[in-house]
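Given the structure is predicted, the values throughout are model-derived calculations rather than measurements. Chain identifiers are assigned alphabetically (A, B, ...) following the order of the sequence lines, protein sequences preceding nucleic acid strands; residue numbering begins at 1 within each chain.
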Amino acid sequence: MRQDGYAQDLGRSRAGLQGQRLLHHRLRQGRQGPAEERTREVRCRQVRRRAEVRPVRQGRRLRQGRCRARAQIRIQAWQAPLREGRSRVSEALRAELARVASRFGADGLEFVLERPRDAGHGDLATNLAMVLARRERANPRKTAQRVLDELNLSPALVARTEIAGPGFINFWLAQDQLAAVHRAILEQGARYGRSTAGAGLKVNVEFVSANPTGPLHVGHGRGAALGDAIAALLEWTGHAVTREFYINDAGVQIDRLAESLWARVRELAGQPASIPEGGYHGQYLRENARELLDREGPAFANLPETEGIQRARGAALELQRQEQDRDLAEFGVRFDVMSSEQAIYDSGRVARALELLRARNLTFEAEGALWLRSTEFGDDKDRVLRKSDGSFTYLVPDIAYHIDKHDRGFDRVIDVWGADHHGYIPRMRAVLAALGYPPEFFDVALVQLVKVVRGGEEVKMSKRSGEFVTLRDLYEEVGVDAARYFFLMRKGATPLDFDVDLAKRQTDENPVFYVQMAHARLSGIFRTAERVPQDVAGPLDLADLPAPEDVELLKKLATFPEIVDKAARDREPHRITVFLHELATVVHGWYHHTRAVGAPEGAATEHARLLLARAARIVLANALTLLGLSAPDRM
RNA sequence: GCGCCCGUAGCUCAGCUGGAUAGAGCAACAGCCUUCUAAGCUGUGGGUCGGUGGUUCGAAUCCACCCGGGCGCACCA
């Protein structure tokens with residue numbers, strides 16, 4: 001039930017949602033009837049969140065000193081394999097700068113070598129001289145000159161250098177480097193942007209994990225798009241990824257589901273029935289009831305209650321699972337493994353997990369309950385495992401599940417959870433630490449709420465579920481590509497406004513359209529030229545690309561692998577959508593200002609621009625494909 | 001009370017391990033179609049980066065405190 005907070009919990013748990021009051025108000029008003037019965041469920045979906053959430057967000061700055069040490073260790077653990085993935089040019093330059101630093105008696109000095117925001121500051125820039133000057137209390141610009149004098153760079157690598165501003169050293173790369181990038185793009189094709197940085201690390205990405213108690217809603221959709229994209233990013237960076245869905249098919253919510261379906265069956269058969277307290281009121285259960293009666297015959301409604309509910313349970317689970325699977329498949333998300341909570345109980349893993357904790361002396365009995373000593377491992381209070389009524393808290397099967405993932409040989413486990421579950425993280429982390437798993441084993445990516453906006457108005461009711469906008473409603477209306485793109489446009493941890501009108505618009509105001517259009521236009525060039533992109537081959541001579549837009553485009557293409565690495569490291573797919581939009585802007589500008597087919601500069605330029613268009617088309621397609629989006633040839 | 005999240009242009013948001021005049025889209029305004037999709041391009045206006053201190057050669061970014069908004073402090077999943 002990783003995500004259910006989204007739907008049921010709107011009125012309470014959302015952190016950091018400005019301007020949400022209206023939404024809460026509407027939702028409450030809108031489902032006044034059902035909401036009454038749902039009160040209990042709402043209450044029981046609340047999550048505690050006292051504890052630290054920081055360490056989850058590795059890629060972000062850490063404001064609290066106390067979390068810092070721990071988080072940084074983890075950042076390093078994650079980044080380490082990625083270092084090799086950086087471009088050869090910047091690595092060579094970095095190495096040379098490090099050599100100079102050590103000649104100046106500053107071995108291992110930390111400095112920055114990065115791509116400056118402003119193209120006027122070169123292709124790469126370093127603050128090395130400024131850092132050195134600080135140690136020596138020297139003038140940074142003079143130090144920069146000394147660094148330059150000492151620097152031994154091949155002209156094949158760097159064409160020009162300058163000292164700028166307070167002491168930056170800027171580098172312009174040799175054109176050979178750009179030609180090499182172009183060659184790499186054509187050679188690697190659909191693989192351009194991939195790296196082996198992950199070194200085959202086995203990663204399990206668990207996402208969506210919705211309760212099988214109703215249709216997937218937009219919040220699940222965002223989780224699906226995000227989890228799938230994170231998984232793809234990890235694949236692109238050389239990790240062995242498993243996409244997994246955890247079915248919460250045990251527990252009281254399934255009992256309520258079964259009772260609710262049974263009530264609908266009786267109702268359809270004209271018998272007295274009512275949805276139990278905490279039950280499910282959605283229209284979909286009426287449809288399920290109809291299906292069940294059609295399948296089993298009218299006598300089904302006359303079964304004794306116990307048996308009826310028992311059989312309704314199986315049917316409800318099956319039908320809800322089918323519907324969720326269908327929606328996910330249509331949304332373009334596939335899972336390698338479906339795990340069932342019930343199966344974890346049935347296989348004895350829950351009992352074994354409990355034994356394991358007990359054997360390690362991590363539990364104690366008090367007040368008729370069994371407790372976990374989670375405070376000894378960073379949680380802020382001890383947690384109940386077995387309630388005094390003898391039943392288990394949710395923590396227990398979840399612990400068993402994570403042990404299971406560990407036992408299946410995963411090096412890393414990433415759970416994509418609704419942000420309302422963030423209070424649960426320290427608990428799980430504490431348990432896994434207690435079991436001796438390395439801290440980097442477990443991580444969580446949080447997904448914030450989605451607010452659907454139409455005509456400037458908030459969310460509306462779904463006609464079919466009687467609840468929220470379902471994922472299906474959404475992608476049927478705006479299309480899968482637009483839905484996925486919009487879900488991925490923002491950082492997962494940021495609340496998202498989904499503007500349905502904008503997503504449907506077939507103009508450049510719509511970012512999905514704008515990006516896909518860039519790809520279609522590039523394809524159009526080849527149609528006009530009556531050439532197949534794959535047949536436009538040969539080395540690229542930079543001298544045949546006279547326009548500044550040509551070079552700008554090529555440089556943009558060159559940044560893609562680095563963007564992928566960073567997006568994977570920080571698990572932030574939105575960086576790919578940001579990149580896509582930037583690249584599309586450059587492509588459109590290039591398309592408008594230069595001419596490929598029948599280039600006025602001559603045949604050599606036409607050929608060079610076709611080569612460039614082919615490369616740009618590859619990169620656009622790769623970035624789109626990575627996010628699960630199509631790259632249309634015409635629109 | 002304790003804790004967590006958030007506060008960047010009118011709106012929605014980027015801003016990567018602190019860097020060189022703070023960016024994009026939308027909205028507003030002004031232009032550009034005998035030429036590969038005008039489903040596009042170009043330009044203009046618009047910001048005390050919530051506030052105050054601190055660290056630093058340098059802070060939207062790190063630290064402290066404060067203000068404002070949201071949320072949580074269960075034997076519920």
For [X] and [N], give me the distance from atom [atom1] to atom [atom2], rounded to whole Å.
{"X": "A:L580", "N": "B:A24", "atom1": "CG", "atom2": "C1'", "answer": "14 Å"}
{"X": "A:N127", "N": "B:U56", "atom1": "CG", "atom2": "C1'", "answer": "13 Å"}
{"X": "A:L488", "N": "B:C13", "atom1": "CG", "atom2": "P", "answer": "16 Å"}
{"X": "A:Q253", "N": "B:A77", "atom1": "CD", "atom2": "P", "answer": "9 Å"}
{"X": "A:H592", "N": "B:G31", "atom1": "NE2", "atom2": "C1'", "answer": "12 Å"}
{"X": "A:H519", "N": "B:A39", "atom1": "NE2", "atom2": "C1'", "answer": "16 Å"}
{"X": "A:D565", "N": "B:U17", "atom1": "CG", "atom2": "C1'", "answer": "15 Å"}
{"X": "A:E582", "N": "B:G15", "atom1": "CD", "atom2": "P", "answer": "11 Å"}

### Task
Any chance you could lay out the side-chain hydrogen bond (donor to acceptor under 3.5 Å, both in side chains) test for A:N170 and A:E162, step after step, and finish with the verdict?
CA-CA 5 Å; A:N170 298 335; A:E162 76 170 13; 3.0 Å; yes
### Query
Can we say A:D633 and A:R527 salt-bridge, meaning some charged N sits less than 4.0 Å from an Asp/Glu carboxylate O?
no
### Query
Should the pair A:E572-A:K566 be classified as a salt bridge under the 4.0 Å nitrogen-to-oxygen rule?
no
Please give the nucleotide sitting opposite [N] as a Watson-Crick or G-U wobble pair, both distances under 3.5 Å, or none.
{"N": "B:U56", "answer": "none"}
{"N": "B:G7", "answer": "B:C67"}
{"N": "B:C32", "answer": "B:G40"}
{"N": "B:G72", "answer": "B:C2"}

Distance below 4.0 Å between [X] side-chain N/O and [N] OP1 or OP2:
{"X": "A:Y246", "N": "B:A77", "result": "no"}
{"X": "A:Y591", "N": "B:C41", "result": "no"}
{"X": "A:K387", "N": "B:A77", "result": "yes"}
{"X": "A:R256", "N": "B:A77", "result": "no"}
{"X": "A:H574", "N": "B:U12", "result": "no"}
{"X": "A:K491", "N": "B:G15", "result": "yes"}

### Summary
Assert: residue with more 5' nearest nucleotide on RNA chain B, out of A:P166 and A:R634, is A:P166
### Message
Quick check: on RNA chain B, is the nucleotide nearest A:S388 upstream (toward 5') of the one nearest A:R527, or the reverse? Name the residue that is more 5'.
### Response
A:R527
Sticking with atom [atom1], work out how far [N] lies from [M], rounded to a whole angstrom.
{"N": "B:G69", "M": "B:G51", "atom1": "C1'", "result": "15 Å"}
{"N": "B:C62", "M": "B:G18", "atom1": "P", "result": "9 Å"}
{"N": "B:A60", "M": "B:U8", "atom1": "C1'", "result": "7 Å"}
{"N": "B:C65", "M": "B:G47", "atom1": "P", "result": "32 Å"}
{"N": "B:G46", "M": "B:G10", "atom1": "C1'", "result": "9 Å"}
{"N": "B:U48", "M": "B:G25", "atom1": "C1'", "result": "25 Å"}
{"N": "B:U55", "M": "B:G72", "atom1": "P", "result": "39 Å"}
{"N": "B:C16", "M": "B:U35", "atom1": "P", "result": "43 Å"}

I want to verify a distance call: between [options], whose nearest atom is closest to the [X] side chain?
{"X": "A:R595", "options": "B:U42, B:A77, B:U35", "value": "B:U35"}
{"X": "A:E114", "options": "B:G15, B:C16, B:A38", "value": "B:C16"}
{"X": "A:T528", "options": "B:U37, B:C41, B:A77", "value": "B:U37"}
{"X": "A:K566", "options": "B:C16, B:A39, B:A77", "value": "B:C16"}
{"X": "A:Y394", "options": "B:C13, B:A20, B:A77", "value": "B:A77"}
{"X": "A:E572", "options": "B:C16, B:U42, B:G15", "value": "B:G15"}
{"X": "A:A596", "options": "B:C36, B:U12, B:U37", "value": "B:C36"}
{"X": "A:M517", "options": "B:C41, B:A39, B:C75", "value": "B:A39"}
{"X": "A:D570", "options": "B:C36, B:A20, B:C16", "value": "B:C16"}
{"X": "A:V131", "options": "B:A39, B:G19, B:C75", "value": "B:G19"}

When all nucleic acid strands are considered with a 4.0 Å heavy-atom cut-off, which category describes [X]: base, sugar-phosphate, or nothing?
{"X": "A:H121", "value": "base"}
{"X": "A:T594", "value": "base"}
{"X": "A:F486", "value": "nothing"}
{"X": "A:G251", "value": "nothing"}
{"X": "A:Q516", "value": "nothing"}
{"X": "A:N170", "value": "base"}
{"X": "A:T393", "value": "sugar-phosphate"}
{"X": "A:R386", "value": "nothing"}
{"X": "A:F526", "value": "nothing"}
{"X": "A:A133", "value": "nothing"}

#### Entry: For the student: nearest non-hydrogen atoms of A:F171 and A:L97, plus distance
CZ-CD2, 4.2 Å
### Message
For residues 593-602 of chain A, which residue pairs pass the salt bridge (charged side-chain N to carboxylate O under 4.0 Å, His left out) check, not counting sequence neighbours?
### Response
A:E601-A:R609
### Query
Should A:I247 and A:S339 count as side-chain neighbours, where that means a heavy-atom distance under 4.5 Å?
no
### Query
Can you check B:C33 for me, syn or anti if syn means within 90° of 0?
syn
### Task
Check step by step if side-chain hydrogen bond (donor to acceptor under 3.5 Å, both in side chains) holds for A:D415 and A:Y246.
CA-CA 10 Å; A:D415 293 355; A:Y246 182 53; over 6 Å; no
### Task
Could you label the plane-to-plane angle of the A:W371 and A:F364 rings as parallel, tilted or perpendicular, counting under 30° as parallel and over 60° as perpendicular?
parallel
### Aromatic stack A:F513/B:A39: centroid gap under 5.5 Å, interplanar angle under 30°
yes
### Quiz item: cation-pi between A:R94 and A:F111, 6.0 Å / 45°
yes
### Query
Does the side chain of A:S523 come under 3.5 Å of the side chain of A:R617 through a donor N or O and an acceptor N or O?
yes
